2 protein chains.
Amino acid sequence: MEEDKLVCSEKCPHFNKINKVKEREPKADEYLKLSNMFKLFADETRLKIICSLLKEELCVCDLCELLNLNQSAVSHQLQLLRNSKLVKFRREGKQIFYSLDDEHVELIIQMALDHIVEEEEKNGKLL
Amino acid sequence: MEEDKLVCSEKCPHFNKINKVKEREPKADEYLKLSNMFKLFADETRLKIICSLLKEELCVCDLCELLNLNQSAVSHQLQLLRNSKLVKFRREGKQIFYSLDDEHVELIIQMALDHIVEEEEKNGKLL
DNA sequence: TAATCATATGAACAATCACTCATATGATGT
DNA sequence: ACATCATATGAGTGATTGTTCATATGATTA
């Protein structure tokens with residue numbers, strides 16, 4: 001949130017590069033939406049919920065069991081996922097069943113896992 | 001961080017489903033690493049840094065210009081990205097040039113963008 | 001229509017985090 | 001050696017966030 005203070009000498013900022021980046025980069029509101037999306041994946045509890053729903057439709061109490069967490073905490077996180085349209089739900093009597101509402105989610109997580117595995121191979125094996 | 005309090009009736013938790021999920025789900029330390037990875041993408045500043053480095057190697061002051069943010073803030077975020085091996089750097093005189101150190105990053109961001117675009121189409125066009 | 005069950009929600013609190021300010025480091029030129 | 005430039009780092013602070021506790025809602029059953 002700063003302005004007008006040039007960081008280094010007049011020669012330093014590489015304006016050709018900077019302009020190239022500016023041309024191609026996401027727009028301001030896309031950055032916001034992207035970071036909000038990644039925030040949802042950035043918490044272990046939500047991540048476990050998402051991964052649990054990848055292949056199975058589950059009710060709230062199933063998720064409590066799986067996460068070993070109380071109902072309120074789970075419901076609060078489900079609300080966030082609902083608001084962002086990442087999960088959908090249906091009522092069946094007293095229970096409410098949640099499931100994923102997106103095809104990209106699995107790919108995003110898989111790719112992040114690939115990164116982690118590769119990172120571990122780099123560090124673990126070659127040193 | 002709770003235990004022993006069964007959330008709903010004995011009939012409710014669908015143990016067959018729960019066990020299926022448990023078989024396939026990531027391990028505890030993988031969840032931790034995943035969420036830590038996504039935390040890096042979950043902040044607008046870091047996201048802008050990452051996207052800026054997608055195609056161009058840039059020095060710290062270039063990033064300050066691009067993000068319109070002071071040098072200290074940028075350096076702090078770069079440190080986080082460095083620690084997680086998401087970016088690498090090389091010295092050239094007084095300047096330090098940063099670049100991405102991962103091939104998955106671009107795919108992850110692209111997929112998240114796809115999700116956002118699709119979401120907008122769903123909401124904007126069809127209603 | 002009470003009572004109960006599954007889930008949702010509001011308020012409060014502790015922990016985390018991104019930024020700022022001040023200062024340190026490490027390379028360059030004089 | 002000294003001043004300067006580009007960047008890094010530590011401490012402090014306000015804002016955000018995940019969890020808990022208490023309570024509300026909405027469907028079922030007696």
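Computed from a prediction, not measured in an experiment: that's the story for all the values here. Chain letters run A, B, ... following the sequence lines, proteins first, then strands; residues in each count from 1.
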inquiry  = Checking side-chain polar atoms at under 3.5 Å, does B:Q79 have a donor or acceptor matched by the opposite partner on B:N83?
reply    =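 No, because no side-chain N or O of B:Q79 sits under 3.5 Å from a partner of the opposite role on B:N83.
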ask   = Within 45° of the six-membered ring axis of B:F89 and under 6.0 Å from that ring's centre, is NZ or CZ of B:R82 located there?
value =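 Output yes; distance and angle both within limits.
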DNA chain D-proximal residues of residues 34-47 of chain A, any heavy atom under 4.0 Å = A:K39, A:D43, A:T45, A:R46
key: Nucleic acid contacts - residues 78-85 of chain B versus DNA chain D, non-hydrogen atoms under 4.0 Å   = B:Q79, B:R82
message = Students often get this wrong, so: under 4.0 angstrom with heavy atoms, is B:F89 touching a base, only sugar-phosphate, or nothing?
response = nothing
query = Is there a donor on the side chain of B:S72 or the base of C:dC21 sitting less than 3.5 Å from an acceptor on the other?
reply =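 By the distance-only test, yes, there is a pair.
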query = Is there a donor N/O on one and an acceptor N/O on the other, under 3.5 Å, for the side chain of A:Q71 and the base of C:dA6?
reply =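 Side chain to base: no pair below 3.5 Å.
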ask   = Does the side chain of A:Q77 get closer than 4.0 angstrom to OP1 or OP2 of D:dT19 through an N or O atom?
value =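 For A:Q77, the contact criterion (side-chain N or O under 4.0 Å from OP1 or OP2 of D:dT19) is met.
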ask   = Within the structure, does a side-chain N or O atom of B:Y98 lie under 4.0 Å from either OP1 or OP2 of D:dA8?
value = yes
query = Just how far, in rounded Å, is C1' of D:dT9 from CG of B:N70?
reply = 13 Å
ask   = In whole angstroms, how far is the P atom of D:dT7 from the CZ atom of B:F97?
value =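 That distance rounds to 8 Å.
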query = Once the angle between the rings of B:F38 and A:F41 is folded into 0 to 90°, is it parallel (under 30°), tilted (30 to 60°) or perpendicular (over 60°)?
reply =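 Tilted: the ring planes of B:F38 and A:F41 meet at 30° to 60°.
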ask   = Which class fits the ring pair B:F97 and A:H14: parallel under 30°, tilted 30 to 60°, perpendicular over 60°?
value =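 Plane angle between 30° and 60°, so tilted.
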request  = Check the geometry between B:H76 and C:dC19 and answer yes if their rings are stacked (centres below 5.5 Å, planes below 30°), otherwise no.
outcome  =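 Not stacked: fails the 5.5 Å / 30° test.
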request  = Could you please name the option among C:dA8, C:dT9, C:dA27 that lies closest to any side-chain atom of B:R91?
outcome  = C:dA27
